[in-house]
Number of protein chains: 2
Amino acid sequence: MKVSESEARERGEATSREAACPYRLVLEHVTSRWGVLVLMELLERSYRFGELRRAVARHGRTASEKMLTQTLQTLERDGLVHRDAKPVIPPRVDYSLTDLGREAAEQVRGLARWSKDRMDQVTRAREAYDEARG
Amino acid sequence: MKVSESEARERGEATSREAACPYRLVLEHVTSRWGVLVLMELLERSYRFGELRRAVARHGRTASEKMLTQTLQTLERDGLVHRDAKPVIPPRVDYSLTDLGREAAEQVRGLARWSKDRMDQVTRAREAYDEARG
DNA sequence: CAGTATCCGTGTTGATACTG
DNA sequence: CAGTATCAACACGGATACTG
């Protein structure tokens, strides 16, 4: 599998440009567009690939297969997601959280809850801001 | 100021495509590349524009003026950041967190701390993953 | 079903130059 | 100093076709 430099870099092979703060990479994986949704869904229960894709779609937009695959692989590599591929035909692959992943997901859930809880304050702030300007 | 459609959308004017889950937008602002760094720096103390730019640079890469401006405006509009422009020459603008922003920043700090604390577990997971494959 | 491979449009980012 | 304006690069994400 040939990947672009950025795709490789994204996976953790930091280049000289961003040598500092390796933990920021984990943070970005966890807070990425699809990472957030995947972690939160898996906090409920384990999912099969297509099933997870549909579940995520309900809480945001639907991820392309490519993006979901990429997200899951990144999270698996970081040790947050467990991938269980059953050797059956047709293929069946179950995804679940590791203990580490559960911790991460709970942090994310905290942030998501905060966002929901404060949503109207934010909305009011936006209205005030927009009214004050154009 | 002419902004692209996506830049406008990013600011909260959801289009039909992503009508669901407006809170996800706040979440994305808060967890955005520069949003995370800005919130964490402002948790320490208030900063002037250029000062903040240098402070952020220490914890990641340096944000371009454009990106820092955009990030600050978005967070200000969401009611997380307070902007205090003094009418002096040369201009002096101080940025600080609102109460709402402080809450958000604390959530983000939680996630960042978790990332730091678990960094070596993640690193080991990656090594195991990479060794198992190519 | 669960992916992989490839191509391609465009949005996000960042350098640079400029203004009040 | 604190921005705004403009433009180019490139990474991201999606559509599609294919495989085991």
Side-chain angles (χ1 to χ4, degrees), chain A residues 1-11 13 15 17-18 25 28-29 31-38 46-57 60-76 81 83-95 133-134, chain B residues 1-11 13 15 17-18 28-29 31-35 37-38 46-57 60-76 81 83-95 133-134:
Chain A
M1 173 175 54
K2 176 68 171 59
V3 292
S4 76
E5 192 201 327
S6 73
E7 275 168 346
R9 193 178 344 136
E10 183 57 32
R11 289 173 147 267
E13 301 130 28
T15 58
R17 305 181 65 188
E18 52 198 313
L25 228 41
E28 278 174 16
H29 294 168
T31 61
S32 70
R33 179 174 190 109
W34 305 116
V36 170
L37 278 333
V38 164
S46 73
Y47 278 96
R48 299 182 61 180
F49 185 86
E51 203 181 22
L52 179 56
R53 191 160 173 239
R54 288 186 291 275
V56 161
R61 293 196 54 217
T62 102
S64 66
E65 293 171 8
K66 177 184 168 182
M67 283 302 108
L68 185 57
T69 300
Q70 204 173 95
T71 302
L72 285 168
Q73 283 176 352
T74 301
L75 295 177
E76 187 195 358
V81 160
R83 180 178 186 275
D84 181 18
K86 271 103 174 170
V88 298
I89 293 180
R92 177 189 175 103
V93 183
D94 286 289
Y95 291 94
R133 277 139 258 236
Chain B
M1 173 177 55
K2 176 69 171 58
V3 293
S4 74
E5 192 202 328
S6 72
E7 277 168 343
R9 197 182 338 140
E10 183 57 31
R11 289 172 147 267
E13 301 130 26
T15 59
R17 304 183 63 187
E18 53 198 311
E28 278 174 17
H29 294 168
T31 61
S32 70
R33 178 174 191 109
W34 305 115
L37 278 333
V38 164
S46 73
Y47 279 96
R48 299 181 62 181
F49 184 87
E51 203 182 23
L52 180 56
R53 191 162 172 238
R54 287 184 291 275
V56 161
R61 294 196 50 218
T62 104
S64 65
E65 293 170 8
K66 177 185 168 183
M67 282 302 105
L68 185 57
T69 300
Q70 205 173 94
T71 301
L72 285 168
Q73 284 176 352
T74 301
L75 295 178
E76 186 196 358
V81 160
R83 179 178 187 274
D84 182 19
K86 271 104 176 169
V88 297
I89 294 181
R92 175 185 177 106
V93 183
D94 287 290
Y95 291 94
R133 279 140 256 236

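This structure is a prediction, so every number in the text was calculated from the model and none was measured.
Of the candidates C/dG3, D/dG14, C/dC1, C/dC1 carries the atom nearest the A/P91 side chain, counting heavy atoms from C-beta on. Nearest nucleotide to the side chain of A/W34, out of D/dG3, D/dG14, C/dA2: D/dG14. Set against D/dA2, D/dT4, C/dG14, the side chain of B/R48 has D/dA2 as its closest nucleotide. With distances taken from any side-chain atom of B/S64 to the nucleotides D/dG14, C/dC1, C/dG14, the minimum falls on C/dG14. Proximity note for A/M67 (side chain, C-beta onward) versus D/dG13, C/dG14, D/dA2: the nearest is D/dG13.
Annotation: side chain of A/L68 is in contact with side chain of A/V38 (closest heavy-atom distance under 4.5 Å). Contact annotation: the side chain of A/L52 approaches that of A/L72 to within less than 4.5 Å [non-hydrogen atoms, C-beta and beyond].
Checked by atom type and distance alone, the side chain of A/R53 pairs as donor or acceptor with a backbone atom of A/A63 at under 3.5 Å. The closest donor-acceptor contact from the side chain of A/R48 to the backbone of A/R92 lies at 3.5 Å or more, if one exists at all.
Applying the Watson-Crick and G-U wobble criteria (two distances, each under 3.5 Å), C/dT6 pairs with D/dA15. Pair check for C/dG20 finds D/dC1; Watson-Crick or G-U wobble, both atom distances under 3.5 Å.
Between the CD atom of A/E65 and the P atom of C/dA5 there is a distance of 14 Å, rounded to whole Å. Separating the CD1 atom of A/I89 from the P atom of C/dC1 is a distance of 14 Å, rounded to the nearest angstrom. Distance B/K86 NZ to D/dA2 P: 11 Å, rounded to the nearest Å. In this structure, B/D84 atom CG and D/dA2 atom C1' are separated by 14 Å, rounded to whole Å. Put simply, CG on B/L68 is 8 Å from P on D/dG3, counting in whole angstrom units. Per the geometry, CD belonging to A/Q73 stands 11 Å off C1' belonging to C/dA2, to the nearest Å. Distance A/K66 NZ to D/dT16 P: 14 Å, rounded to the nearest Å. In this structure, the CD atom of A/Q70 is 15 Å from the P atom of D/dA15, given to the nearest Å.
Considering every non-hydrogen atom in both A/H29 and A/L75, the closest pair reads O-CD2, 4.2 Å.
Between D/dA2 and B/Y47, no contact under 4.0 Å exists linking OP1 or OP2 to a side-chain N or O. Between A/R33 and D/dG13 there is no side-chain polar atom (N or O) within less than 4.0 angstrom of OP1 or OP2.
The residue B/R83 sits close only to the backbone: its heavy atoms come under 4.0 Å of sugar-phosphate atoms, none of a base.
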